[in-house]
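Notes follow once the structure below has been shown.
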Amino acid sequence: MNIFQEIQRRGLVNNASSGLAELLAKNDSVAFYAGFDPTAPSLHIGNLVPLMAMRLLQKAGHKPYILLGGATGLVGDPSGKNQERPLLSEEVVQANLLGLRTQLEKFLAFEGTHAAVIVNNAEWFARMGYLEFLREAGKYMNVAYMISKDIVKRRLESGISYAEFSYQLMQAYDFWYLYTHYNVQIQLGGSDQWGNITAGIEFIHKKCGKEVQGFTVPLLTRADGAKFGKSEGDNIWLDPAQTSPYRFYQYLLNTADEDVEKLLRVFCEEPLEKLEEIMHEHRQAPHLRHAQRYLAASLTRFVHGEEALQRAILASETLFRKGSEENLHRLRATELAELFETLPHATAPLSLLDEASTVVDLMAAFPAFFPSKSEVRRLIQAGGLTVNRRPVTDGNLRPDRSWLLHNRFLLVQKGKKQYFVLRFE
RNA sequence: GGGGAGAUACCAAAGCGGUCAAAUGGGCUUGACUGUAAAUCAAGUGGCGUAUGCCUUCACAGGUUCGAAUCCUGUUCUCCCCA
């Protein structure tokens with residue numbers, strides 16, 4: 001099986017230019033690239049999809065370039081947006097750039113014969129004047145062609161600024177720049193990048209008369225219709241400060257049976273036969289979630305490391321498998337401290353506990369977890385509030401220090417899956 | 001430039017003087033069932049020490065009225081048709 005078939009069979013190819021398979025088949029080492037715009041301080045789990053494709057290509061001997069959009073990030077890509085986006089300030093872009101760079105460095109090999117290289121398109125755009133851009137880039141693109149792109153067409157009614165309209169030309173120029181300076185012959189990106197990628201192919205064809213290739217990875221969706229990687233409207237970030245490794249692990253562990261095979265193929269680099277075995281075992285006893293556990297462990301380890309994974313597993317086991325009230329009281333102080341670090345938590349003075357006249361008041365003192373007293377009361381009425389594993393049935397109960405585990409901790413549970421640890425001191 | 005329609009809670013969408021904290025659907029939260037699933041069913045979904053109670057909400061600012069999401073005036077924004 002060649003590399004193109006491999007990435008195809010893993011479900012990593014959504015759209016590909018016609019000469020891609022041949023280019024990869026006939027060359028031992030081709031340089032390729034994907035761009036990442038610094039629109040957020042962290043990558044999210046969805047960004048991992050093109051990165052997985054890049055890893056596979058690199059392992060097969062091809063050379064990856066990562067393009068950071070220090071310049072394009074200042075303009076804003078209209079792809080996949082139905083509204084003009086607000087301009088990001090240079091400071092924000094700079095800060096984001098730094099965050100992305102450190103994250104990206106974890107995911108590809110930067111040493112060896114096919115070492116990955118990071119470039120920033122600010123390098124060439126910053127020193128280029130407007131006239132030069134018009135003459136060197138603008139002259140080779142036809143407006144009719146640019147307007148006919150889906151992304152642009154869709155936006156013509158609702159409005160698209162000249163800046164965002166120009167984005168595809170900038171990206172096309174990037175591709176050309178990497179092609180002429182580093183012999184980069186393939187561009188890949190998310191499925192919304194197809195228009196920009198083909199613009200680059202067209203551009204290079206016109207300017208150099210050469211043929212280059214491109215492909216897109218699919219946008220992963222879930223069986224329930226939601227975008228993969230979104231939870232309650234928020235992205236699952238790779239930055240542990242924004243999405244804790246525990247939450248990251250839990251998100252993947254909760255993957256629906258219908259989706260898990262697809263995700264295994266995308267995110268786990270084991271041979272496909274091995275993944276087939278995992279699925280086979282999973283189907284024998286789906287309730288054990290063998291496949292989900294494998295996926296969650298593999299990806300959490302990949303992104304956050306072995307230690308963070310073990311913490312996430314330990315917390316998950318403690319809470320969901322051995323989560324009886326007795327077991328909770330058997331936990332040692334160090335184990336509780338560990339849970340505190342792993343789960344969403346808050347610290348408050350003991351006086352808060354002493355002065356709270358009801359459970360409702362105490363909970364409402366933590367607005368990050370409980371936005372209002374009404375909400376707490378509602379939750380209690382529905383039987384959904386649990387403190388230290390014991391359901392709270394009366395919201396007017398007065399809490400006291402005897403509730404604390406190891407004189408410090410309170411494990412609060414909202415529904416079945418949402419845990420918070422409160423620490424009093 | 002001319003004519004018309006509209007702006008209601010997270011979204012869609014009823015309501016057109018009191019019975020409106022505002023129908024209905026989706027979403028979301030919780031419960032039951034379960035595999036920390038799916039499907040299904042049930043409850044909840046502005047705030048408040050829980051109340052035939054009070055407070056803040058129906059684009060914004062004023063006004064009429066005992067009483068306004070509903071009527072009037074102005075402002076802002078959106079959509080449609082004609083030129």
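So that the names make sense, note that chain A is the first sequence line, chain B the second, and so on, each numbered from 1.
Here the P atom of nucleotide B:rU45 and the CZ atom of A:Phe370 are 18 Å apart, to the nearest Å. If you measure from atom CG of A:Leu379 to atom P of B:rC28, you get 17 Å, rounded to the nearest angstrom. A:Ile380 places its CD1 atom 17 Å from the P atom of B:rG44, with the value rounded to the nearest Å. Atoms CZ (A:Arg378) and P (B:rU30) sit 13 Å apart, rounded to a whole Å. A:Glu375 has its CD atom 8 Å from the P atom of B:rG47, to the nearest Å.
Listed by first and then second residue, the salt bridge (Lys or Arg N to Asp or Glu O under 4.0 Å) pairs that reach into residues 132-146 of chain A are A:Glu136-A:Lys207, sequence neighbours excluded. Residue pairs meeting the salt bridge (Lys or Arg N to Asp or Glu O under 4.0 Å) criterion with at least one member in residues 49-69 of chain A, sequence neighbours excluded: A:Arg55-A:Glu269, A:Lys59-A:Glu269.
Using atom P as the reference point in both B:rC16 and B:rA69, the two lie 13 Å apart (nearest Å). One C1' atom belongs to B:rA61, the other to B:rG26, and the distance between them is 34 Å to the nearest Å. B:rC58 and B:rG49: their C1' atoms are spaced 29 Å apart (whole Å). Rounded to whole Å, the separation between the C1' atoms of B:rC55 and B:rU64 comes to 25 Å. Rounded to the nearest Å, the gap between the C1' atom of B:rC81 and that of B:rU65 is 38 Å. A distance of about 26 Å separates the P atoms of B:rC80 and B:rU70, rounded to the whole Å. For B:rC71 and B:rG18, the P atoms lie 11 Å apart once the distance is rounded to whole Å. Straight-line distance between the C1' atoms of B:rG15 and B:rA68: roughly 13 Å, to the nearest whole Å.
B:rC41 is paired with B:rG31 under the Watson-Crick or G-U wobble criterion, all donor-acceptor distances under 3.5 Å. Nucleotide B:rG25 forms a Watson-Crick or G-U wobble pair with B:rC11, both donor-acceptor distances falling under 3.5 Å. In this structure, B:rG1 forms a base pair with B:rC82, meeting either the Watson-Crick or the G-U wobble geometry with both donor-acceptor distances under 3.5 Å. Using the Watson-Crick or G-U wobble rule with both distances under 3.5 Å, B:rU65 pairs with nothing in any strand shown. In a base pair of the Watson-Crick type (N1 to N3 plus N6-O4 or O6-N4) or a G-U wobble (N1-O2 and O6-N3), with each distance short of 3.5 Å, B:rG6 is matched with B:rC77. Base pairing of B:rC54 is made with B:rG47, judged by Watson-Crick or G-U wobble geometry with both donor-acceptor distances under 3.5 Å.
Comparing A:Ser372 and A:Leu385 by the nucleotide of RNA chain B whose heavy atom lies nearest to each, the residue mapping closer to the 5' end is A:Leu385.
Judged by the 6.0 Å distance and 45° axis criteria, A:Arg423 is positioned over the aromatic ring of A:Phe340.
With hydrogens and angles left out, the side-chain atoms of A:Gln413 and A:Asn388 include no donor and acceptor closer than 3.5 Å. Side-chain contact annotation: A:Ser357 with A:Asp361, donor-acceptor N/O pair under 3.5 Å present. Looking at A:Thr198 and A:Lys149, their side chains do bring a donor and an acceptor atom within 3.5 Å of each other.
In terms of phosphate contacts, A:Lys373 brings a side-chain nitrogen or oxygen within less than 4.0 Å of OP1 or OP2 of B:rG49.
Taking 4.0 Å as the cut-off between side-chain N and carboxylate O, A:Glu326 and A:Arg330 do not count as a salt-bridged pair.
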Worksheet, complete the sentence: B/S/- along nucleotides 32-41 of chain B (protein heavy atoms under 4.0 Å) is SBBBBS----
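Between the side chain of A:Arg293 and the backbone N or O of A:Leu288, at least one donor-acceptor pair lies under 3.5 Å.
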